[in-house]
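Structure first, commentary second.
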Amino acid sequence: MDTELPAITCPADLKALPLEKLPELAEKIRQTLIQTLSQTGGHLGPNLGVVELTIALHRVFDTPKDRFVFDVAHQGYVHKMLTGRWDRIHTIRQHDGLNGFLLRTESEHDCYGAGHAGTALSAALGMATGRDLAGGDENVVCVAGDAAFTCGPVFEAMNNVAAHTKRLIVVLNDNEWSIDRNVGAIAKYFNSIATHPAYANLHQKAGKLLEFMLGEDARRIVKKVEDHAKNILLPQSQTPSNRSSLFDEFGIRYYGPIDGHNIPLLIQTFEFLKTQDEPVILHIITEKGRGYTPALNDPGKFHGLGKYSVETGETPSSDKPTYSQVFARSVTDFAKADPKIVAITGAMPGGTGLSVFKKEIPERYFDVGIAEEHAALFACGLATRGQKPFLTIYSTFMQRAFDMIVHDMAIQNLPVRLCMDRGGLSGDDGPTHHGLFDIAYLRGIPGLVHMQPRNEDEFVDMLWTMAGYEAGPIAIRYPRGNGPGVTPKDKPVRLEIGKAEVVADGNDVALVALGDMFPVAEEAKKELEAKGLSVALINPRWIKPLDMDCISTFARKVKVICTLEDHVLRNGFGAGVIEELSDAGIRTPVVRIGWPDQFIEHGTPSVLRKKHGLSVENTVAKIMAALGQ
Ligand SMILES: Cc1ncc(C[n+]2csc(CCOP(=O)(O)OP(=O)(O)O)c2C)c(N)n1
Ligand SMILES: CC(=O)[C@@H](O)[C@H](O)COP(=O)(O)O
Ligand SMILES: [Mg+2]
């Protein structure tokens with residue numbers, strides 16, 4: 001590799017590079033990503049797939065005047081490297097370092113943040129419409145992956161594009177992968193285009209032709225090739241005169257598919273597209289993980305991961321199963337004995353562990369794509385027919401389905417099992433992914449049961465309780481990663497709903513610690529006892545219904561109650577305890593440990609817990625202060 005490549009400190013540096021140097025730059029970016037992310041972790045596969053695309057975008061367009069809106073924005077590392085953050089890319093997803101997604105507060109080149117899928121096209125349409133209203137002339141480019149198109153809001157946006165603007169450029173980055181392989185009819189449709197021999201062949205020629213023409217005739221050439229190709233490709237059912245792609249039907253002129261790694265072709269195509277006075281979509285074909293064999297061989301693993309060996313692609317293994325693994329094993333075993341149990345995921349079989357269920361009981365496994373609202377409704381329909389749906393969606397992504405939980409699940413009292421992985425701080429992904437609001441958004445819903453285990457054994461008992469619960473919707477939250485390592489018993493037991501576990505009695509202080517905050521309470525108890533205090537320790541188990549017999553009994557005898565939760569304090573578990581004590585006329589002081597009323601930045605749970613007071617020290621200090629000591 002030529003070491004003479006100058007540093008890229010801004011998009012102007014990229015524009016100053018000779019065209020023939022761009023492949024070398026692409027290689028340098030790839031090597032930087034592979035080396036850097038082996039130490040920081042991150043979304044290696046998606047970013048390796050958009051190196052040439054991002055180079056071409058920054059060659060043709062001018063951010064921050066022109067706007068790039070990336071869907072999910074997990075594939076925004078190359079954009080960051082080309083917009084003045086190359087020298088900080090080694091801090092990606094590290095505390096106080098670069099965020100793993102685009103962030104408006106991080107750079108003027110990041111015009112829109114994300115983290116959750118399906119938002120980019122609507123936001124880009126808003127920007128284009130806002131530009132038109134203001135009489136602006138900037139370009140707006142939406143970059144969305146193939147799986148983003150399984151997301152409802154994308155179709156809601158497409159339904160409006162042609163009515164609102166004449167100038168919008170959409171890039172469909174099609175690598176055939178979501179986190180797992182992309183699913184559903186839309187994935188099949190994209191694949192039918194990308195693999196059609198006539199189209200593929202034409203596009204080889206079109207690509208060559210375009211490269212040769214390099215300019216003003218591009219439009220005529222491309223349009224002629226497109227029309228001809230579409231006449232070959234599209235379903236025979238359509239009359240020859242008005243055959244069009246799905247996108248043309250939405251008023252968005254479709255171009256492609258073209259090779260998403262061919263920089264000159266991409267540049268020429270974007271130069272041509274930016275002259276168009278109609279909304280356009282460019283379908284590019286890319287390889288997720290391109291340039292790194294382990295990632296090409298396992299796009300699912302390398303979609304997003306922690307540290308890995310550059311040489312082998314291997315990642316550190318842990319002998320302790322994660323909550324996700326315990327969940328998937330348990331529900332799969334339950335389902336083997338109960339033919340009514342079905343499992344649903346929103347494009348996250350790996351993260352939720354449900355790839356185990358998919359492998360062992362494929363006929364009752366449903367990956368609906370990035371479609372949490374649909375997943376919840378689909379689960380409701382299943383429940384009306386006597387099925388037992390385990391709707392498995394991260395706490396943060398379940399936010400998408402809130403209305404369905406109220407309107408369809410709770411009002412109709414349907415027995416859907418809501419399994420919310422990543423319940424609590426998510427860590428490196430930051431504020432868009434922390435599962436810190438599910439208690440707040442579920443606690444007010446009448447009739448909905450909600451719980452959290454303090455270890456793996458109790459977790460399986462709770463799942464077993466859910467499997468047998470038919471009285472209405474029931475939810476469980478559990479954290480990312482490992483638990484304390486308590487091996488589940490061979491045969492799980494059904495728990496009494498609304499009944500807490502009193503682990504230790506005490507007369508001065510009662511610690512009521514939910515889920516993965518229980519170990520913090522255990523340590524705080526030791527420190528408080530060392531100060532001569534008598535400390536009760538309660539595992540509440542149930543967020544709703546709260547065991548108020550237990551809690552009020554202790555509240556009447558101790559001097560202070562302390563609740564601990566891996567959730568925001570606002571309308572959280574502790575808030576519920578305060579409400580219920582107040583309703584019962586009990587005035588015992590309650591101190592609460594939990595996340596403050598702000599969005600929590602990215603970083604490791606240990607660093608963030610210490611910084612934001614979810615620590616033993618802060619627990620002890622707040623209790624001692626409440627005791628006036
Ligand atoms: C609402 C929502 N659900 C699930 C996810 C988890 N997720 C992150 S990226 C991704 C797949 C994105 O696939 P695609 O858009 O094709 O981009 P690629 O990674 O292939 O480049 C998923 C499911 C999310 N970010 N947002
Ligand atoms: C970008 C995205 O939303 C997912 O890739 C997410 O980062 C996965 O989170 P986990 O690593 O907790 O499974
Ligand atoms: Mg994809």
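Computed from a predicted structure; not experimentally measured. Ligands are counted one by one from 1 in listed order, and the atoms in each one are counted from 1 as well. This chain uses plain numbering: 1 for the first residue, then up along the sequence.
- Under 3.5 Å, the side chains of Gln31 and Gln35 contain no donor-acceptor pair of N or O atoms.
- Contact annotation for Phe397 and ligand 1: only side-chain heavy atoms (C-beta onward) come within less than 4.0 Å of the ligand.
- Of all the heavy atoms of His43, none lies under 4.0 Å from any atom of ligand 1, so neither backbone nor side chain is involved.
- Close contacts of ligand 1 with Arg400, meaning ligand atoms under 4.0 Å from a residue heavy atom, involve 1 (C).
- Ring-centre distance between Tyr255 and His283: not below the 6.0 Å cut-off.
- Residue-ligand proximity, Phe397 to ligand 2, at heavy-atom distances under 4.0 Å covers atoms 3 (O).
- Each of the following atoms of ligand 1 lies closer than 4.0 Å to a heavy atom of Asn175: 18 (P), 20 (O), 21 (O).
- Comparing heavy-atom distances from atom 2 (C) of ligand 2 across His116, His433, His74 singles out His433 as nearest.
- Where the criterion is an N or O separation shorter than 3.5 Å, residue side chain and backbone included, Trp177 meets it with respect to ligand 1.
- Atom numbering of ligand 1 starts at 1 in the shown order; those under 4.0 Å from a heavy atom of Ile370 are 1 (C), 2 (C), 3 (N), 4 (C), 23 (C).
- Short contacts between ligand 1 and Ala347, defined as distances under 4.0 Å to a heavy atom of the residue, involve ligand atoms 23 (C).
- Not a single N, O or S atom of Pro46, from either the backbone or the side chain, sits less than 2.8 Å from the Mg ion (ligand 3).
- Not one N or O of Gly346 is nearer than 3.5 Å to an N or O of ligand 1, by distance alone.
- Using a cutoff of 4.0 Å between basic side-chain nitrogens and carboxylate oxygens, Glu314 and Lys307 are not scored as salt-bridged.
- One N or O on the side chain of Thr150 and one on the backbone of Ala147 form a donor-acceptor pair closer than 3.5 Å.
- Residue-environment remark: NZ (Lys610) stays at or below the threshold of 12 foreign heavy atoms within 6.0 Å.
- Among protein heavy atoms, the minimum distance from atom 11 (C) of ligand 1 is reached at Ser178 OG, 3.4 Å.
- In this structure, the side chain of His261 engages the main chain of Glu287 through a donor-acceptor pair within 3.5 Å.
- Contact atoms of ligand 1 toward Lys288: 18 (P), 19 (O), 20 (O) (distance under 4.0 Å to a heavy atom of the residue).
- Between the side chains of His79 and Asp110, at least one donor N or O lies within less than 3.5 Å of an accepting N or O.
- Counting heavy atoms only, Ile179 comes closest to atom 10 (C) of ligand 1 of the residues Val143, Asp174, Val72, Ile179.
- Heavy atoms of other residues, nucleotides or ligands lying less than 6.0 angstrom from NZ of Lys320 number more than 12.
- In this structure, Phe61 and Phe270 have perpendicular ring planes: the angle between them is above 60°, well past the 30° mark.
- Looking at atom 26 (N) of ligand 1, its nearest protein heavy atom turns out to be Ala117 N, 2.9 Å.
- Ranking protein heavy atoms by distance to atom 10 (P) of ligand 2, first place goes to Arg422 NH2, 3.5 Å.
- Counting protein heavy atoms only, atom 15 (O) of ligand 1 is closest to Ala148 N, 3.2 Å.
- At under 3.5 Å, a nitrogen or oxygen of Glu372, whether backbone or side chain, sits near a nitrogen or oxygen of ligand 1.
- Classified by interplanar angle (parallel below 30°, tilted 30° to 60°, perpendicular above 60°), the ring pair Phe155/Phe250 is perpendicular.
- Between His303 and His43, a ring centre-to-centre spacing shorter than 6.0 Å is recorded.
- Applying the 4.0 Å criterion to heavy atoms of Gly115 picks out, from ligand 1, the atoms 24 (C), 25 (N).
- Looking at atom 1 (C) of ligand 2, its nearest protein heavy atom turns out to be His43 NE2, 3.3 Å.
- The nearest heavy-atom contact from the protein to atom 13 (O) of ligand 1 is Ala147 CB, 3.2 Å.
- Under 4.0 angstrom from ligand 1, the non-hydrogen atoms of Asp146 come from both its backbone and its side chain.
- Residue nearest to atom 19 (O) of ligand 1, selected from Met348, His74, Gln75: His74 (by heavy-atom distance).
- Geometry about the Mg ion (ligand 3) gives an angle of 80° between OD1 of Asp146 and OD1 of Asn175, rounded in steps of 10 degrees.
- Of all protein heavy atoms, the one closest to atom 7 (O) of ligand 2 is Asp429 OD2, 2.6 Å.
- Considering only non-hydrogen protein atoms, atom 13 (O) of ligand 2 sits nearest to Tyr394 OH, 2.6 Å.
- Using cut-offs of 30° and 60° for the angle between ring planes, the Phe149 and Phe190 rings count as perpendicular.
- Between Phe390 and Phe327, the ring planes lie tilted relative to each other; the angle falls in the 30° to 60° range.
- Aromatic pair Phe302/Tyr292: ring centres closer than 6.0 Å.
- By the 4.0 Å N-to-carboxylate-O rule, Arg329 lies close enough to Glu360 to be salt-bridged with it.
- Not less than 6.0 angstrom separates the ring centroid of Phe70 from the ring centroid of Phe101.
- Ligand-side atoms of ligand 2 in range of Arg480: 10 (P), 11 (O), 12 (O), range being under 4.0 angstrom from any heavy atom.
- Within ligand 1, the atoms closer than 4.0 Å to a non-hydrogen atom of Pro46 are 19 (O), 21 (O), numbered from 1 in the order shown.
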